[in-house]
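Labels below follow one simple rule: chain letters A, B, ... track the order of the sequence lines, proteins then strands, and each chain is numbered from 1.
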Amino acid sequence: MEKTYQPQAIEGKHYQRWESNEWFKPSGQGDSYCIMIPPPNVTGSLHMGHAFQQTIMDALTRYHRMKGCNTLWQTGSDHAGIATQMVVERELAREGKTRHDLGRETFIDRVWQWKEQSGGTISSQMRRLGDSVDWTRERFTMDEGLSNAVREVFVRLYDDNLIYRGKRLVNWDPVFHTAISDLEVENKEEQGSLWHFRYPLADGATTADGKAYIVVATTRPETILGDTAVAVNPDDERYQSLIGKFVDLPLLGRRIPVVADDYVDSEFGSGCVKITPAHDFNDYEVGKRHGATLVNVLDQDAKILHAAEAYTYDGKPIEEFNGALPEGYGGLDRFDARKKIIADFEALGLLDSIKDHSLMVPRGDRSDAVIEPWLTDQWYVSAKPLAEPAIKAVENGDIQFVPKQWENTYFSWMRDIQDWCISRQLWWGHQIPAWYDADGNVYVGRSEAEVRSKYSLDASLTLTQDEDVLDTWFSSALWTFSTLGWPEREDLVKTFHPTDVLVTGFDIIFFWVARMMMMTLHFIKNDDGTPQVPFKKVYVTGLIRDENGQKMSKSKGNVIDPIDLIDGIDVDDLVAKRTSGLMQPKLAAKIEKMTRKSFPEGMASSGTDALRFTLASLASQGRDINFDVKRLEGYRNFCNKIWNAARYVLMNTEGQDCGQNGGEVELSLADRWISSRLQGLEQDVERHYTNYRFDLMSQALYEFIWNEYCDWYLELSKPVLWDENASAEVQRGTRRTLVRVLEALLRLAHPIMPFITEEIWLSIRDLAAREGDTIMLQPFPKADPAKIDAAAEADIEWVKGVIVGVRNIRGEMNIAPGKPLPVLFQKGSDEDKRRLSENENFLKTLAKLESVTWLEENDEAPVSATQLVGQLKVLVPMAGLIDVAAEQARLTKALEKTSKELAKVEGKLNNENFVSKAPDEVIAKEREKADGYAHSVRELEQQLEQLAALK
RNA sequence: AGGACUAUAGCUCAGUUGGUUAGAGCGCUACCUUGACAUGGUAGAGGUCUCCAGUUCGAAUCUGGAUAGUCCUACCA
């Protein structure tokens, strides 16, 4: 083995070997265990969130595979309608073309081409992470099979009356020219104005205070062009007399009614609200209640139409409506129109006032454009009936969220769920399987042929398919069963469905998790016909942020690429990476400064295992995870520690008898102790897997490997292996323990650290008498209660106590670590005496002792530095070594600490309430503590008196 | 406006059903190149567990309130 751990030298080769041997495929034996990867966006590349969640999924997958399950980790990606179309359109733009120049079919070919060439970034990055996904079953939401599933689901939902088409207000993205769901809209607080305009009253009416106009307030003056009512609160005395009267809408000369509606808040603004039902969700509802006409004034770019369009609430155009708009507005961008409206009102003397106002502005999460509520024909899924069983499944525990608190988030959304707009005005995606005849009648079926036979349509009837595609999340919602071949392959669904756990972030509980649950429960049934869940558990991970708790984002320039952590990156490259392709190039200087400050040396190469271990250690139950590179460095050192421990084991076992061929074996105390401790670790690891506590698991492994196996056991093995007088049986026992405990540790750690464990395992496999080509298919260690040895553990605790005691004296007295010390033992029990005689060799080596002397009751002790191990006094004679004042200081410190503890415990024991009410075992424990402390205090005081007498 | 979450060492975080001498990584101090490892070893410093009140024999842990921060949902045009 190399002297230092070099991850880049080992990781690639093992992954290739695993993949080419197809060891990631389900074994076909044992209980099934299945995880569906949340399909990454095909345009995406690996970010910290992926690395985090995939580490957890891979750990679970490898763990269950090693436990003998028929394990499938299903991978794939989704087609990301808008994102992908955007990427390819940008590519076209560089060639000076638009998608319309190519036409739909050619454009889609082009997208496929792009997908083949560039869509696999994330797959190769997943290999770097060590993900043991079954690549032979990789799926893409636009694959034929998954597309069939999408059509099947759409048609069945339509036939079940759970999908319908309607003209409704949607969130319209005027850049991408498509509807987006309200989940894709980000509301951001921005500074704007509240403009107050005067609307003259018609027919000579006046307000209560004698004005011939009423004032309405708006943040979007351009929508005045579509006003069809003014609303006031029915209880508002100022306007009560005007209800039922009319105003003359300035510029348009339109007569619109004043209506009364509880929606209006008299306190806000002027207490009068202009109603624009075709351009505002609230106004739509108000308008509907009062029969105010829907007047649309915007086109798909959010520019003003040349003539407004009017509709009824069931979506029928009103032909006789006069859509004429004032001169100069047609074709104006909405924001220019806003300025013009304000100017025109001002010119007419109808601009009452302007007030600063902060408001929430809806923006598209991808385009960042201001989203416009816009009246269009769209397809919807009736969410309520589908949500009901999905709510029940969580209520009755068929699906459990981990941590449980997320169930509340889920319920609160599901109980107030809105119909889901599933159509998107894009080309890239699943085209909606609906056809129209010339009269606009709609026919839904799996294909045009099926539609013709299903609806008995004449062959001569011309049908055109709906131009729109389905929301990407529609196909993602089918992911757990469509990837298994539904509806064609029921057998795989039977084997792997329901899947075991979904590992995902809380940010997509609504987008995806809830919708998967709704779809799956509706389409997949158990043998008894009851709805089947997509997964039994939802493990919700925290969101990875930077070390200051900031969300990682390109514009903040604080994104960390997991691959950079694995391979390392120098600071110049990192700066270049973070400052290129910015939406706002002026941020570059700031980002560079911050990056150079945070990473003056760039990032060191840490390797995949260290990254994975770090991510696992961060997987606590919290909602946010602040990623600190310092933490990673610590765990990289841990990998190095494992590496060097393995080197030590190999140096002492290779070519020697480790009991792999049998032979008598005698186990030392240390051997029995570490084996016993290992059982405890195995129990802990098991428990942490079932509780999804990867942080506690990694901590348990870390502590055991470093603080027990390396710090103590390896050191304790040295006196045995270096003892020329030791018997073959004892040495064989220690070598065997050395190598077998290491081997078990490798298997325990393998699910989190696949590469280093494989590398070391292959080189110690034979010494540990194991067979197999890879650690990943070895059985996961299981605790054997018979090997738990409480006596051995207690004895080693005693040994450690003595050694630490001597080291403490050494450290605080500034005695050279290399100087052998004579040590005396006084006031010990028979048990202490036994332990001393059995472990003299360990003590001498580990504490560097020159001699060991047991003092009997009457033996005189020289003046010494003292350390207590229980009742036993460990004495290091002071002659020539120890400074009296220093020893006094050391003892005083110990005395103070112990006295404080004693006082605390005695306080408790003197409290009658405590003694009468606390459980007996707690009291017994406290008494024991008190006795121990009291004894220590006496001894320390005595010792201090002795020292004082010396002076 | 409603709801949720968080507050523990200088920094990033653990602390399982109330009983621990409150822990880890990084950082810090002193000493040490000892035959696995200086990406190391040994010893150490550092915390009134945000504040206030309550429940309890006993609170970092449970309850209420305050303060600060984060997020989600809904928004008043």
*Please identify each residue that fulfils side-chain contact (heavy atoms from CB on, under 4.5 Å) with A/S936, with sequence neighbours left out.*
A/L868, A/T898

_Using a 6.0 Å distance limit plus a 45 degree cone around the ring axis, check whether A/K718 lies over the aromatic ring of A/F842._
no

Base, sugar-phosphate or nothing for [X]? Non-hydrogen atoms, less than 4.0 Å.
| X | result |
| --- | --- |
| A/R693 | sugar-phosphate |
| A/H688 | nothing |
| A/K929 | sugar-phosphate |
| A/D265 | base |

*Does A/K900 put a side-chain nitrogen or oxygen below 4.0 Å from OP1 or OP2 of B/rU21?*
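For B/rU21, OP1/OP2 do not have a side-chain N/O of A/K900 under 4.0 Å.
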
_With a cut-off of less than 4.0 Å, is there a side-chain N or O of A/H357 near OP1 or OP2 of B/rA77?_
yes

*asked:* Counting only heavy atoms and a strict 4.0 angstrom limit, can you tell me which residues of residues 598-607 of chain A come near RNA chain B?
replied: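 Listed by number, there are none.
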
Protein and nucleotides 56-59 of chain B: nitrogen or oxygen contacts under 3.5 angstrom:
unit_1: B/rC57; atom_1: OP1; unit_2: A/K917; atom_2: NZ; d: 2.4
unit_1: B/rC57; atom_1: O4'; unit_2: A/N913; atom_2: O; d: 3.4
unit_1: B/rC57; atom_1: O2'; unit_2: A/N911; atom_2: ND2; d: 3.0

*Is there any side-chain hydrogen bond (donor to acceptor under 3.5 Å, both in side chains) pair reaching into residues 900-921 of chain A, and which pairs are they, with sequence neighbours excluded?*
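The answer is none; no pair qualifies.
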
_For a quick check under 3.5 Å, do A/R807 and A/Q867 share a side-chain donor-acceptor pair by atom type?_
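No donor-acceptor contact under 3.5 Å links the two side chains.
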
*Hey, does the side-chain of A/R623 have a donor or acceptor N/O within less than 3.5 Å of a partner on the base of B/rU70?*
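Answer is yes: a donor-acceptor pair is held.
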
*asked:* Would you measure the distance from the C1' atom in B/rG23 across to the matching atom in B/rG46 and give it in whole Å?
replied: 14 Å

*If we take the P atom in both B/rC11 and B/rU50, what is their distance in whole Å?*
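It works out to 13 Å between them.
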
*Where does RNA chain B form stems of at least three consecutive Watson-Crick or G-U wobble pairs, each pair having both distances below 3.5 Å?*
B:1-7 with B:67-73, B:10-13 with B:23-26, B:28-32 with B:40-44, B:50-54 with B:62-66

*Where the side chain of A/K897 is concerned, which of B/rU21, B/rC5, B/rC75 is the nearest nucleotide?*
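Given the options B/rU21, B/rC5, B/rC75, the side chain of A/K897 is closest to B/rU21.
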
*Protein proximity profile, nucleotides 24-38 of chain B - base contact B, sugar-phosphate-only contact S, no contact -, cut-off 4.0 Å on heavy atoms*: -SS--------BBB-

